[in-house]
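Since the structure comes first, as structure tokens, the remarks are kept for the end.
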Protein chains: 2
Amino acid sequence: MRAKASREPLSRERVLTAAVALVDADGIAALTMRRLAANLGVEAMSLYYHLPGKDALLDGLVESVFQEIGAAVARLGPQDGMDWRTRLRQRFLAAREVMLRHPWAPGLMGSRPTIPADVYAYYDGILGTLIEAGFSYRIAHRALHAFGSLPFGFAQEIFSPTAAGGNLEVEVTEAEMAAMAESLPHLTAMVAAEIHDAGDPTLGWCDSQVEFEFTLDLLLDGLDRLRRTSV
Amino acid sequence: MRAKASREPLSRERVLTAAVALVDADGIAALTMRRLAANLGVEAMSLYYHLPGKDALLDGLVESVFQEIGAAVARLGPQDGMDWRTRLRQRFLAAREVMLRHPWAPGLMGSRPTIPADVYAYYDGILGTLIEAGFSYRIAHRALHAFGSLPFGFAQEIFSPTAAGGNLEVEVTEAEMAAMAESLPHLTAMVAAEIHDAGDPTLGWCDSQVEFEFTLDLLLDGLDRLRRTSV
DNA sequence: ACCTGAACACCGTTCAAGT
DNA sequence: ACCTGAACACCGTTCAAGT
């Protein structure tokens, strides 16, 4: 895990790249000034020359992930011929691919008190798409809120990605299953009725691609209906 | 802030109550084993007799908030005559009132690796309401995901409640405003078009009651349309 | 049964100092 | 300009010990 010593000096960018790699590999709890420095072949105090402190490091992590989203969206190319729903759908799905690579990012974003500046530009683009499609500012504003975290490629997860929900069936014994059927009749029936493909890459608790796209389309369709009736 | 010394012995419940009070008052970062103990008039090590460690304390905090939601929902009384949309709407709005009292809770929930057991029963009730209304298990399952955090009384907040978004206009100078109009034309126009009631109690970044209910109704209406067409 | 004191390993951060 | 060593205040947690 320790990077080979390099003679080129540190930089904010190198520090952030190493931090993303560290967190991807060992989780957010492993991100320590001392450990990050060690991975860079340097003392902890050296980091303070490139970043004011740990909060700035965490902000930088969020910024890094968002820039990755920005790059993925830019890679989609011009969207001239498309209607607004297709445009937004592509954006959000591109963001999702980035998030699948950094499952710690949603939790980190949710805990930061500041918003990286580039995010405003990102939202401005979404808003522009909506206005161009004929939405009023009022409805477009509410649409931004309704989208929630979808622009960042993840559906709502109230609890952490590593939560137990998805593995429910696996860890439960026969006796517990019977008790569950009694206390949680509807959930038990649902699990029985639904067969999930195991092992698909997911952000967590059943938050598979299918669920993500269902929520996305439910909102897009509902907004489109609003647009065509009242605007 | 220090509680008066009491002769009755500590208990898990007393510890959790004090922890909620501490976090309500001073924020989640102020929750320290040593500080919590001091508030209880006790040494830090005493807490370990009632809770295995800090993780258990954080889990207990989430559990406490959820039990408050459970109590608020129970206070709604029997829902016999109501249709499914009204039932869910009342539930989610009741949960929202609890969350407004504990603005740190969404962030904490998002960072916990485990789900309190009672939450399953809560979801089972929501699922039962959907099934009773005629939804298939497949659609009901997806509806649970689409709801996201609404059952817990908060709409998606990608960034922390204390984020800057809501105060954007206030902190911006004239020159910055002009620059903003150039780089963020649509957002600037939206802010100009929208007048927000200042000072309303909110979970954060424009997540006012109106936005919450808009998202809620958008999803409920969309689901209802699905129910009546394909089921 | 319930609480404590001393100690340990580990944080983030400061500051003066090195090169 | 860039990095370091020693030190500080503060963590969560252990363990043997008190009552």
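Note that these values count all heavy atoms, side chains included, but never hydrogens, waters or copies made by symmetry.
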Below 3.5 Å is the cut-off: list the nitrogen or oxygen pairs between protein and nucleotides 17-19 of chain D, distance only.
none

Query raised in the report: Which residue pairs pass the salt bridge (Lys or Arg N to Asp or Glu O under 4.0 Å) test with at least one member in residues 40-58 of chain A, sequence neighbours excluded?
Result: A:D55-A:R112
Requested in this report: Tell me whether the OP1 or OP2 atom of D:dC3 has a side-chain N or O from A:H50 closer than 4.0 Å.
Outcome: yes
Query raised in the report: Does B:E213 have any salt bridge (Lys or Arg N to Asp or Glu O under 4.0 Å) partners at least two apart in sequence or in another chain, and if so, which?
Result: B:R89
**Report entry** Side-chain heavy atoms of A:H186 within contact of B:I126, under 4.5 Å
**Finding:** no
Query raised in the report: With under 30° as parallel and over 60° as perpendicular, where do the rings of B:Y122 and B:F66 fit, or are they tilted in between?
Result: perpendicular
Report task. Runs of at least three consecutive Watson-Crick or G-U pairs, both distances under 3.5 Å, are what I'm after; which ones involve DNA chain D? Result -> C:4-8 with D:12-16, C:12-16 with D:4-8
Report summary line: salt bridge (Lys or Arg N to Asp or Glu O under 4.0 Å) filter on A:R34, not counting sequence neighbours, yields none
Query - Phosphate OP1/OP2 of D:dC2 contacted by A:Y49 side-chain N/O (<4.0 Å) - result: yes
Report task. Sugar-phosphate means primed atoms, P, OP1 and OP2; the rest is base. With that split, encode nucleotides 4-16 of chain C 5' to 3' as B, S or - using protein heavy atoms under 4.0 Å. Result -> BBBB---BBBB--
Report task. Check each of A:L31, A:I28, A:V65, A:D59 against A:L108 using the side-chain contact (heavy atoms from CB on, under 4.5 Å) test, and report the only one that passes. Result -> A:I28
Report task. Without swapping roles, check the side chain of A:S149 against the backbone of A:F152 for a donor-acceptor pair under 3.5 Å. Result -> no
**Report entry** Side-chain donor/acceptor of B:Y120 to backbone N/O of A:M180, under 3.5 Å
**Finding:** no
Query raised in the report: Does A:R96 use its side chain to pair, donor to acceptor, with the backbone of A:A155 at less than 3.5 Å?
Result: no
Query raised in the report: Are A:Y123 and A:F147 close enough that their ring centres sit under 6.0 Å apart?
Result: no
